[in-house]
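Computation of the quantities below employed the complete heavy-atom set of this structure, encompassing side-chain atoms and omitting hydrogens, waters and symmetry-equivalent molecules.
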Amino acid sequence: ELWRACGCFVSQMDRMKGYDLVIVCPRTGVHIVEVKNPSYRWTLTDDEQKIKAEVEAAGGRYNIIETDEQARRLVGL
């Protein structure tokens, strides 16, 4: 996996958490990530919307990643 290969810690979350991953990158910090497949029309689930709103209200960023390019940019590559 891209993130682990570049030295990040990656923790897969339970499906009911409202996001897929917590990534800790030595270059860019801590990221909450929801991974979506760009081949499908998708929307955020109710849990995802709730967590996104809470994260952003606290000043954080809820990252939705659809492509490898977005994954690389998230960690400064």
Mind listing the side-chain donor-acceptor pairs of residues 70-77 below 3.5 Å, one per line with the distance, residues two or more places apart or on another chain?
unit_1 : atom_1 : unit_2 : atom_2 : d
Q70    : OE1    : E66    : N      : 2.5
Q70    : OE1    : T67    : N      : 3.1
R72    : NH2    : E69    : OE1    : 3.3

L44 side chain near I64 side chain, heavy-atom distance below 4.5 Å | yes
Can you find a pair of side-chain heavy atoms, one from H31 and one from C8, that are under 4.5 Å apart?
-> no
Under the side chain to side chain donor-acceptor pair (under 3.5 Å) rule, collect the residues that match up with Q49, sequence neighbours excluded.
-> none
side-chain contact (heavy atoms from CB on, under 4.5 Å), paired with F9, selected from V24, V30, I23, V22 = V24
Is the closest side-chain donor-acceptor distance between T45 and D47 under 3.5 Å?
-> no
Heavy atoms from other residues, nucleotides or ligands near NZ of K17 exceed 12 (cutoff 6.0 Å) = no
Looking only at heavy atoms, the pair that brings G18 and E34 closest together is O-OE1, 4.1 Å
Determine, for K52 against E48, whether the closest basic-nitrogen to carboxylate-oxygen distance falls under 4.0 angstrom.
-> no
Exercise: identify the closest heavy-atom pair between W42 and N37 = CD1-O, 3.6 Å
side-chain contact (heavy atoms from CB on, under 4.5 Å), paired with I65, selected from L21, V33, D20 = V33
Using a cut-off of 6.0 Å, state whether more than 12 heavy atoms not belonging to D46 lie near its atom CG.
-> no
